Amino acid sequence: MSETNKEMNKDEMKNMPPMNGKPNGKGAGRPPMPKAKKGTFGRLMKYVFNGHKYQLIVVAVCILLSACTSIAASASTQMIIDDVITPGIQVGKVLGFEAGMDSVWGDLMGIVTMMIVVFAFGIAASFTYQRIMAVVTQRTLMNFRNDMFNKMQTLPVKFFDTHAHGDIMSTYTNDTDAIRMLVGQSLPLIFQSSLTVCSLIIMMLKYSLWLALAVAAFVLIMLKVSGKVAGSSSKYMMAQQRALAAEEGFVEEMMEGQKVVKVFCHETQSKEDFDKINEELFEVSEKANRNANILMPILGNIGNIMYVSLALIGSILVYLEVSNVYLFGVDKLSIGIVVTFLGMSRQLSQTVAQISNQVAIIAMGLAGASRVFELIDEEPEQDEGYVTLVNAEKDANGNIVETEKHTGMWAWKHFHAADGTTTYTELKGDVQLENVDFGYTEEKLVLNDISLYAKPGQKIAFVGATGAGKTTITNLINRFYDIPDGKIRYDGININKIKKADLRRSLGVVLQEVNLFTGTVMDNIRYGCLDATDEECIAAAKLANAHSFITRLPEGYNTMLTGNGASLSQGQRQLISIARAAVADPPVMILDEATSSIDTRTEALVQDGMDNLMNGRTVFVIAHRLSTVRNSKAIMVLDHGRIIERGDHDQLIAKKGVYYQLYTGAFELE
Ligand SMILES: Nc1ncnc2c1ncn2[C@@H]1O[C@H](COP(=O)(O)OP(=O)(O)O)[C@@H](O)[C@H]1O
Ligand SMILES: [Mg+2]
């Protein structure tokens, strides 16, 4: 990774999360705060609505009902005071206490029953929309995760070279969680709250224009204040999500490298590095969230001022009304209306506060969505290949024809657009590199004018110092990277024309770095060829000389492996990976330091097995031990991306050049 960083341009570096324990410095040269991209919300909504249109209509109706019921509750106060209690008192004054009570009681019961029914509706509506939203939200997240994972599978190797893995992980965890809060919680709440605010204001207008205008003025002030306060924090949300991802990346790296950390007594240093990253996360999170706590008290107090003002104005107006003073243009107010107004204003200020509270969650959700979309929008690995690998057989005339059956014979199906014909070329495993130049970045060439050929059944070895470019050559044959200059031909076909999946299917690769997946030993061997039978897997294991150690495992081939096969030795893991390549039975094998962790004796045994395995196959082998490459058809000595010597073992020894020195002197390249 560090090697890569060096060659990346500065802008790219700035946008990368801190890595390798070296967090971005504070203060000077800090990149501008990243923001959620425009259009993110619309795109997010498309995801939410996708496949959920009808559910969301039901949700909207339920929210509407739910908002109506809360308004009805407020409105009932006015009815109770003005239509029940006040007339009741009048009746009581004229006809006596008993009659007054009777009149109040009957009407009161009616209103209470009505309210119970309304509330029951409200509760049912809330319950229904919460349930539906939970499903909609979770399904939306599932769609997001699916899309992210599908995209990830199509990304080129380069993407993983240049992104910290913890950072990618974080989109699946932190960012989707931020989306969950936005979609599942904030949006319905805001919808409901906005409805409530609107209907409250309309109700108020109906009761008293002047009081309603006073309330509207207060609401505007509250919204303005929230906009200012929350707006200043929301711009830190994207930074927060990034910092969170960086921290996750660091923790992951430390977990994977815990042995190295311990061996080099790096605990203190790691802790310091972590502190820096953690500090950075704290800083942006604090900025992003600091106002969340200020907002409530501010809005609460504005609400209180509004309450008191309304009480004052209302009382004066009622007093004037009772005293029969007529003021031009001022509404007639009853006590019931003033009391209702006060209740409504309380409800209104709480609702506005609720909306404001969501701003931070929305900003965080959008930041999360923005990062998720970044991943989904990554440029997938390009594959303009059209030559495919098909099952083939020879017809009566000896011509190769395509067949549905699994014949064990494969052919490249090559359609020629120029004359509309299709030709079939037998898959043999003939590989040819012609004047290949390549660099991982434009500035630095790693391979220079490499030309070589390997005929079917030949074993070609690469030797040379670390960093000479041996692995790079195999990366190109795999088409993990594309070459700017030169050609690579496979059975005479330019590999750029071959569909990547088919090309890779025809190559068996064993790397020094072994990746075992969670599953049994058998599953891991079968990874090489999904329809291999148990017998075929065991035969492959025997070939790789892995059989004997596997049978000694507690549950043999059914032993579960976890944590990249942590319970096995490095050499055992390599043996499994060789078996995995063997089961695929490809015509071309690439062994990149595949036996580096295996002891010399086992290696000799594996070598025997492999010689069987190599029979009739083209093999590219990279090995530190020159004894391994000795019997190769041709040995290429690489130095700084150039082939400086080539020939078989005897020729190179006779030449008394670099290979000779390696062989007789150090013996092992290091
Ligand atoms: N993914 C990568 N991105 C950028 N540079 C790389 C990458 N992988 C290898 N390199 C560079 O390419 C050169 C050759 O590397 P490699 O082929 O892996 O050497 P080796 O001969 O040890 O297998 C080295 O200088 C290395 O720094
Ligand atoms: Mg290498």
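Computed from heavy atoms alone, side chains included, the values below leave out hydrogens, waters and symmetry copies. In this text, all values refer to a predicted model and were calculated from it rather than measured experimentally.
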Quiz item: Within a reach of under 6.0 Å around CD of Q153, are more than 12 heavy atoms found that belong to other residues, nucleotides or ligands?
Solution: yes
Quiz prompt | Parallel, tilted or perpendicular, as decided by the 30° and 60° cut-offs, for the rings of H163 and F159 | solution = parallel
Exercise. Look at D377 together with R43 and state whether they make a salt bridge at an N to O cut-off of under 4.0 Å.
Key: yes
Self-check item: Side chains of D585 and E536 in contact at under 4.5 Å (non-hydrogen atoms)
Solution: no
Quiz prompt | salt_bridge(E402, K413) N-O dist < 4.0 Å | solution = yes
Practice problem: Just say parallel, tilted or perpendicular for the rings of Y481 and F438, cut-offs at 30° and 60°. | Solution: tilted
Exercise. Search all heavy atoms of E378 against all heavy atoms of K151 and return the closest pair with its distance.
Key: O-NZ, 2.8 Å
Practice problem: Only one of E248, E280, E247, E374 passes salt bridge (Lys or Arg N to Asp or Glu O under 4.0 Å) with R242; say which it is. | Solution: E374
Quiz item: Under the ring-ring contact (aromatic ring centres under 6.0 Å, His included) criterion, do F149 and F144 qualify, and how do the steps go?
Solution: CA-CA 9 Å; F149 193 76; F144 265 122; over 10 Å; no
Practice problem: For the pair D502 and R505, find out whether any cationic side-chain nitrogen is under 4.0 Å from an anionic carboxylate oxygen. | Solution: yes
Practice problem: Could you tell me which non-hydrogen atom of A582 sits nearest to which non-hydrogen atom of A540, and how far apart they are? | Solution: CB-CB, 4.0 Å
Quiz item: When you measure from the side chain of T618 to the backbone N and O of V588, does any donor-acceptor pair fall under 3.5 Å?
Solution: no
Self-check item: Interatomic spacing from NE2 in H165 to CD in E252 - rounded to 0.5 Å
Solution: 8.0 Å
Quiz prompt | Atom pair CE (M409) and NZ (K428), whose distance is rounded to the nearest 0.5 Å | solution = 8.5 Å
Quiz item: Is a salt bridge present between D531 and R526, judged by a nitrogen-to-oxygen distance below 4.0 Å?
Solution: no
Quiz item: Given side chains that start at C-beta, do those of D383 and R479 come closer than 4.5 Å, heavy atoms only?
Solution: yes
Quiz item: Under 4.5 Å between any side-chain heavy atoms of V136 and V48, yes or no?
Solution: yes
Self-check item: Any side-chain heavy-atom pair of T518 and L561 under 4.5 Å
Solution: no
Quiz item: Can you find a heavy atom in the side chain of Y424 that is under 4.5 Å from one in the side chain of W410?
Solution: no
Quiz item: Which heavy atom in A392 sits nearest to a heavy atom in A411, and how many Å separate them?
Solution: CB-CB, 3.5 Å
Exercise. With the side chain counted from C-beta on, respond yes when L375 and R371 share a heavy-atom pair under 4.5 Å apart, and no when they do not.
Key: no
Self-check item: Under 3.5 Å side-chain donor-acceptor pair for T471 and D592
Solution: yes
Quiz item: What are the two closest heavy atoms between S451 and I643, and how far apart are they?
Solution: O-CD1, 3.7 Å
Quiz prompt | Heavy atoms of other groups near R131 CZ, more than 12 under 6.0 Å | solution = no
Quiz item: Would you say K470's side chain and V463's backbone share a donor-acceptor pair under 3.5 angstrom?
Solution: no
Exercise. State, without any angle test, whether N174 and Q241 hold a side-chain donor-acceptor pair at a distance under 3.5 Å.
Key: no
Quiz item: Do D430 and K455 sit within salt-bridge range, that is, some charged N less than 4.0 Å from a carboxylate O?
Solution: yes
Quiz prompt | Pair T423, H416: side-chain N/O donor-acceptor within cut-off below 3.5 Å | solution = yes
Quiz item: For F517, does the CZ atom have more than 12 heavy-atom neighbours from other residues, nucleotides or ligands under 6.0 Å away?
Solution: yes
Practice problem: Consider only side-chain N and O atoms of T472 and Y440, and report whether a donor and an acceptor are under 3.5 Å apart. | Solution: yes
Quiz item: Without hydrogens or angle criteria, can the side chains of T520 and D523 be said to hold a donor-acceptor pair below 3.5 Å?
Solution: yes
Exercise. Identify the two heavy atoms, one from I578 and one from A544, that lie closest to each other, and give their separation to 0.1 Å.
Key: CG2-CB, 3.7 Å
Practice problem: Examine F415 together with Y386 and report whether their ring centres are nearer than 6.0 Å. | Solution: no
Quiz item: Within the distance-only criterion (no hydrogens, no angle test), does the side chain of S170 pair as donor or acceptor with the backbone N or O of D167 below 3.5 angstrom?
Solution: no
Practice problem: State whether a side-chain donor-acceptor pair under 3.5 Å links N524 with Y557. | Solution: no
Quiz item: Should we say atom CD of E384 is surrounded by more than 12 heavy atoms from elsewhere, each under 6.0 Å from it?
Solution: yes
Quiz item: So with a 6.0 Å cut-off around NZ of K499, is the heavy-atom count from everything else above 12?
Solution: no
Self-check item: Where D491 and E426 come nearest, the two heavy atoms and their spacing
Solution: OD2-O, 3.5 Å
Practice problem: Taking R573 for its side chain and N515 for its backbone only, find out whether a donor-acceptor pair lies under 3.5 Å. | Solution: no
Self-check item: Minimum side-chain heavy-atom gap N278-F250 below 4.5 Å
Solution: no
Exercise. Would you give the length of the straight line joining atom CD1 of I493 to atom CH2 of W412, rounded to the nearest 0.5 angstrom?
Key: 6.5 Å
Quiz item: In Å and rounded to the nearest 0.5 Å, what is the CD1 to CD1 distance from I57 to I132?
Solution: 11.0 Å
Quiz item: With a 4.5 Å limit on heavy-atom distance, are the side chains of D449 and D437 in contact?
Solution: yes
Quiz item: Hey, are S285 and Y236 close enough side-chain-wise for a donor-acceptor pair under 3.5 Å?
Solution: no
Exercise. Would you give the length of the straight line joining atom CG of N496 to atom CZ of R489, rounded to the nearest 0.5 angstrom?
Key: 11.0 Å
Quiz item: Are L516 and R580 close enough, and set up right, to give a side-chain contact (heavy atoms from CB on, under 4.5 Å), and what steps lead you there?
Solution: CA-CA 10 Å; L516 298 178; R580 174 156 75 194; 4.0 Å; yes
Self-check item: Side chains of D177 and Y172, donor plus acceptor under 3.5 Å
Solution: no
Exercise. Would you please test V157 and N478 for side-chain contact (heavy atoms from CB on, under 4.5 Å) and show each step?
Key: CA-CA 11 Å; V157 176; N478 255 321; over 6 Å; no
Quiz item: In Å and rounded to the nearest 0.5 Å, what is the CD1 to CG distance from I473 to L638?
Solution: 4.5 Å
Quiz item: So does R504 have more than 12 non-hydrogen atoms from other groups sitting under 6.0 Å from CZ?
Solution: yes
Exercise. Determine, stepwise, if the pair L141 / I179 fulfils side-chain contact (heavy atoms from CB on, under 4.5 Å).
Key: CA-CA 8 Å; L141 294 189; I179 297 178; 3.9 Å; yes
Quiz prompt | V621/K459 under side-chain contact (heavy atoms from CB on, under 4.5 Å): CA gap, chis, key distance, verdict | solution = CA-CA 7 Å; V621 57; K459 178 173 163 185; 3.7 Å; yes
